[in-house]
Amino acid sequence: MLGFWLLVVVAVAGWVVGLPRRWLLAALTLAWAVIELAHLSGMGGVFGGSARGWLVAGGLVGLVLAYRAGLRWLRSRATPAEQTTPAPAPVADAELDRYARHLVLREIGGPGQMRLRNVRVLVIGAGGLGAPVCLYLAAAGVGRITVADDDTVSLSNLQRQVIFRSDQQGRIKAEAAAEAMRALNPLIEVTALARRVTEADADLIAQHDLVLDGTDSFAGRQGINRACVAAQVPLIAGSIAQWEGQVTLYDPARGGPCLSCLFPTAPAPGLAPPCAEAGVVGPLPGVVGSLMALEAIKHLTGAGQGLRGRMMIFDGLYGESRMIGTVRRADCPVCGSALEGGATAP
Ligand SMILES: [Zn+2]
């Protein structure tokens with residue numbers, strides 16, 4: 001029994017004099033070793049117990065201490081790793097800060113940001129709608145973006161096409177837009193296509209996961225719709241005039257209508273004049289183009305409810321927006337024949 005009290009006295013004395021933890025442990029170990037050695041040499045009777053008893057007790061205490069030390073070591077190794085990689089997905093360090101506000105969104109997070117990085121998106125038209133579409137998709141980290149436009153920057157564009165600057169007048173829009181996107185986010189790959197995208201471009205479109213159309217001629221939009229239907233690539237289309245705009249997702253391959261389901265014939269001459277004739281308020285393409293970019297990010301990450309089978313109409317003059325349902329027409333001349341029987345469009 002004396003051995004037990006010896007250890008208690010050592011522990012209390014060490015605690016009273018404020019001995020550091022490791023020195024206290026060393027003193028207790030020394031006292032225990034003296035008791036054990038005394039038993040082994042046949043002189044341990046005075047301490048009580050037996051050599052085996054003290055050995056087992058010391059071994060058990062040693063095991064507990066070793067287990068706790070092991071836990072502390074593991075924690076010390078895990079803590080700095082957690083601090084440097086808060087996102088579980090394999091997003092590179094340079095991207096963690098840039099996309100931090102996406103990474104904390106439950107609907108996007110690491111997996112959604114990885115999907116954005118791995119997709120190819122085609123933006124047709126680097127005008128009023130294309131400007132916010134290009135800037136927001138580039139900023140959001142959409143990995144590969146092709147921007148197509150055959151026009152050049154003119155003075156009258158600058159009232160709303162905020163991706164361009166005054167000193168870029170005369171530059172090819174696709175190239176000037178690509179330059180702005182690369183400057184905004186050097187981590188993405190941008191391709192400038194200084195030409196019109198037409199019905200004959202189904203192959204080009206098939207190389208992309210999503211198309212955003214911000215062009216303003218009905219004939220041109222019909223051609224792009226036909227090519228997207230043929231390539232079975234979803235199309236986010238926006239259009240604007242004066243104070244009003246609309247945005248929707250055409251995706252007949254996965255349900256929902258195509259452009260021709262809703263607008264089978266061109267509007268009567270004079271009924272839907274282009275912006276150059278009818279005018280457009282500067283921030284309107286900013287609103288509608290930003291909605292297109294938002295719908296693109298939702299579509300690409302699977303977040304929320306997209307605009308397949310719905311069209312959002314925004315009235316800037318009265319500050320109102322409304323949603324209308326859209327349906328696919330079985331007898332649609334574009335998606336009706338193209339999707340049935342697996343045939344492709346002409
Ligand atoms: Zn259709």
Side-chain angles (χ1 to χ4, degrees), residues 119-125 127 129-130 133 146 148 196-241 244-274 288-289 291-300 302 304-314 321-346:
V119 295
R120 296 181 75 112
V121 171
L122 172 62
V123 180
I124 306 178
L129 294 170
V133 166
T146 308
R196 220 170 260 250
V197 173
T198 69
E199 186 173 349
D201 281 312
D203 286 345
L204 168 77
I205 285 170
Q207 294 165 24
H208 295 83
D209 301 290
L210 178 67
V211 174
L212 290 103
D213 181 9
T215 59
D216 64 356
S217 109
F218 186 78
R221 300 169 72 85
Q222 271 189 319
I224 291 162
N225 176 60
R226 283 179 189 278
C228 284
V229 172
Q232 301 201 7
V233 172
L235 166 67
I236 290 176
S239 66
I240 44 169
E244 198 174 280
Q246 56 194 38
V247 56
T248 189
L249 169 67
Y250 297 124
D251 191 13
R254 293 157 202 83
C258 79
L259 173 79
S260 290
C261 292
L262 306 189
F263 307 102
T265 54
L271 204 66
V288 178
L291 283 172
M292 292 169 72
L294 175 64
E295 289 302 322
I297 288 169
K298 282 165 59 188
H299 178 83
L300 294 167
Q305 189 187 358
L307 291 180
R308 188 186 290 109
R310 300 190 300 159
M311 177 180 279
M312 182 191 274
I313 296 171
F314 176 77
S321 66
R322 57 189 185 276
M323 194 72 86
I324 58 169
T326 59
V327 286
R328 194 176 152 210
R329 275 178 38 186
D331 62 342
C332 171
V334 176
C335 70
S337 58
L339 294 175
E340 276 156 28
T344 52

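Whatever order the structure lists ligands and atoms in, that order sets their numbers, starting from 1.
The two residues L249 and H299 have their closest heavy-atom pair at CD2-ND1, 3.9 Å.
With values rounded to the nearest 0.5 angstrom, R120 atom CZ is found 13.5 Å from L300 atom CG.
For D213, the side-chain hydrogen bond (donor to acceptor under 3.5 Å, both in side chains) partners at least two apart in sequence or on another chain are T215.
Within the protein, the number of N, O or S atoms lying under 2.8 Å from the Zn ion (ligand 1) is 4.
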Donor-acceptor pairs are to be reported for all side-chain atoms of residues 255-262 against protein atoms at under 3.5 Å, with residues two or more places apart or in another chain.
none

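The local environment of CZ in R196 is sparse, with at most 12 non-hydrogen atoms from other residues, nucleotides or ligands closer than 6.0 Å.
Each salt bridge (charged side-chain N to carboxylate O under 4.0 Å, His left out) pair with one or both residues in residues 256-265, not counting sequence neighbours, would appear here, but there are none.
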